[in-house]
Protein chains: 2
Amino acid sequence: MTNDDSSGSRYTRHSRDDVVAAALAILDQHGLPDLTMRRLAATLDVQPSALYWHFANKQTLLASVADQIVARARPAGAGSGWADDSGADDAGALSSGWADATRVEADALRDALLAFRDGAEVVSSTLALGLGAGEAMTRLTGAIDGGGFDRRTSEIAAAAVLHFVLGHVSHEQQRLQADSLGVVAAGQSADPSDVATSARGREAFDFGITLLLTGLAELAPARLSESPA
Amino acid sequence: MTNDDSSGSRYTRHSRDDVVAAALAILDQHGLPDLTMRRLAATLDVQPSALYWHFANKQTLLASVADQIVARARPAGAGSGWADDSGADDAGALSSGWADATRVEADALRDALLAFRDGAEVVSSTLALGLGAGEAMTRLTGAIDGGGFDRRTSEIAAAAVLHFVLGHVSHEQQRLQADSLGVVAAGQSADPSDVATSARGREAFDFGITLLLTGLAELAPARLSESPA
DNA sequence: ACCTGAACACCGTTCAAGT
DNA sequence: ACCTGAACACCGTTCAAGT
């Protein structure tokens, strides 16, 4: 699927993409702590040192993994251009086009992070490197930018949304594995009021996004093309 | 300072608190990657195995470290009770008492996290364990609760604030060390528009908090005791 | 272009035993 | 109550050398 068949030598020599795909598989099935260079090499039938021909170090590898996770956040449709503003939209509580678009991006990002075990932690860890999370920032900024805010406002707001999303999903995923390991602090175990509980998770996520978008709409009421009131 | 002098044996036998204090020192001076059980043991002049008398494992130790970091977020004054609502306050753009109080807590938390290298990451990693971050949640929830929202709303909103704070500061601290190592992705190096830059850091943080608090004030306009308009 | 072999300098954790 | 000694099963990374 991911690889383009490469050359015809029997014992597969691997490409960069092969390595990333194998890393994603380990991440998904066994989690970040088990994603070691040695284990990755073993699943590829290769010596650990071979990986260093493809990647300078583990951090770089993880950045590529983060990249793939975030790339899967593309909401179904095409790559670059959405269809044109199609007539009537079915108005939520806060239904400027830019706010809906931003929420769609945030939801897609959450889904993508949840799709891989420890996904949020991997993406968070590569935030400063400007990969993985970089595309997420671009997409969120683009959505918010539809509101006609000045560029800097859009960027800072997008960063706030991204930080909330990463923080929230990271918490959710920690909870998932803590529960599966039965490791929680005394007097706090299996706390059903925890906002990261699977039941309350989606709800708390939606609320957080709503707070940010509502705040943005209130604070920076730029000339929007819609909603004259 | 932290230890209560203990017994009189010459070669110091250590307490749990001693271990945590030493861990905090390593964290602050060398960062999380250097905070290993073996190195920690060495600075205490003890075998690595000795640490396992005090803590079940490294994760538990880190939770205690997180605890200490967050505990330092207490805004100067006393422990439990603030002084009474002292007369006139100098009104910000959004100056309900609860909003100001929440901002004070968020600021104190950011300062506490920034005070130790990789502080945000340490606290984040123990979020699901209900220590460290648990106290932060309590404090934020308490501040927001002053707005008279129902308990569940206060809790979810506090979690949103906490997730934003952890995500933002984590990014800031990653930036700090990435810059000091000169390790940034090509075409992205030393990006001055990055919201996690030291210059823009505080500004972006304030803006994010404002978005959340404004959104909360707008969405759940509970009967406040103040601001009749 | 992609990989092996061998080494270096580390990890967290367990457990019997000591004082 | 607190620690030693010794071991187990691992890590990430480098580098000369092979094909």
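Below, chain A is the first sequence line, B the second, and so on; all start at residue 1.
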Review point. Under 4.0 Å between a side-chain N/O of B:His54 and OP1 or OP2 of D:dC3, yes or no?
Key: yes
Point to revise | Integer-rounded Å distance: D:dC2 P and B:Arg16 CZ | key: 11 Å
Review point. Tell me: CG of A:Leu61 to C1' of D:dG12, nearest whole Å?
Key: 12 Å
Check your understanding: With Watson-Crick and G-U wobble geometry limited to distances under 3.5 Å, how should the secondary structure of DNA chain D be encoded in dot-bracket form, using | for bases paired to another strand and [ ] for crossing pairs?
Key -> ||.|||||...|||||.||
Revision key, fill the gap. Side chain to side chain contact (heavy atoms under 4.5 Å, CB included) filter on B:Ala50, not counting sequence neighbours, yields B:Val46
**Study point:** For A:Ser124, side chain to side chain contact (heavy atoms under 4.5 Å, CB included) partners two or more places apart
**Key:** A:Leu166
Point to revise | Distance, rounded to the nearest Å, where B:Trp53 contributes CH2 and D:dC2 contributes C1' | key: 6 Å
Study note, to complete from the structure: Contacts of A:His168 meeting ring-ring contact (aromatic ring centres under 6.0 Å, His included) (sequence neighbours excluded), chain-then-number -> A:Phe164, A:Phe205, B:His163
Practice item. May I have the distance from B:Asp18 (atom CG) to D:dC2 (atom P), rounded to whole angstrom? Key: 10 Å
Point to revise | side chain to side chain contact (heavy atoms under 4.5 Å, CB included) involving B:Ala23 - partner list, sequence neighbours excluded | key: B:Leu35, B:Leu40, B:Leu61, B:Val65
Study note, to complete from the structure: Closest of C:dT4, C:dC11, D:dC11 to the B:Thr36 side chain is C:dC11
Practice item. Check whether the side chains of A:Ser64 and A:Asp67 place a donor and an acceptor atom closer than 3.5 Å, and report yes or no. Key: no
Cut-off 3.5 Å, no hydrogens considered: what does the side-chain donor-acceptor table look like for residues 113-120 of chain B, sequence neighbours left out?
{"from": "B:Arg117", "atom 1": "NH2", "to": "B:Gln29", "atom 2": "O", "distance (Å)": "3.0"}
{"from": "B:Asp118", "atom 1": "OD2", "to": "B:Leu32", "atom 2": "N", "distance (Å)": "2.8"}

**Study point:** Under 3.5 Å side-chain donor-acceptor pair for B:Thr141 and B:Arg151
**Key:** no
Check your understanding: Which residues satisfy the salt bridge (Lys or Arg N to Asp or Glu O under 4.0 Å) test with A:Glu135, sequence neighbours excluded?
Key -> A:Arg74, A:Arg139
Check your understanding: In residues 26-34 of chain B, what residues come within less than 4.0 Å of DNA chain C, judged by heavy atoms?
Key -> none
Check your understanding: How would you list, by chain and number, every residue that makes a side chain to side chain contact (heavy atoms under 4.5 Å, CB included) with A:Arg38, sequence neighbours excluded?
Key -> A:Thr36, A:Pro48
Review point. Salt bridge (Lys or Arg N to Asp or Glu O under 4.0 Å): which pairs involve residues 163-174 of chain A, sequence neighbours left out?
Key: A:Arg110-A:Glu172
Exercise for review: Would you mind reading off the distance between B:Gln47 atom CD and D:dA7 atom P, rounded to a whole angstrom?
Suggested key: 13 Å
Review point. When you check every protein heavy atom under 4.0 Å of nucleotides 13-19 of chain C, what one-letter string (B, S, -) results, 5' to 3'?
Key: BBB----
Check your understanding: Once you round it to whole Å, what is the distance between P of C:dC3 and CG of A:Leu51?
Key -> 9 Å
Check your understanding: Pairs in or reaching into residues 44-53 of chain B: which pass salt bridge (Lys or Arg N to Asp or Glu O under 4.0 Å), with residues at least two apart or in two chains?
Key -> none
Practice item. In whole angstrom, give me the gap between the C1' atoms of D:dT14 and C:dC3. Key: 15 Å
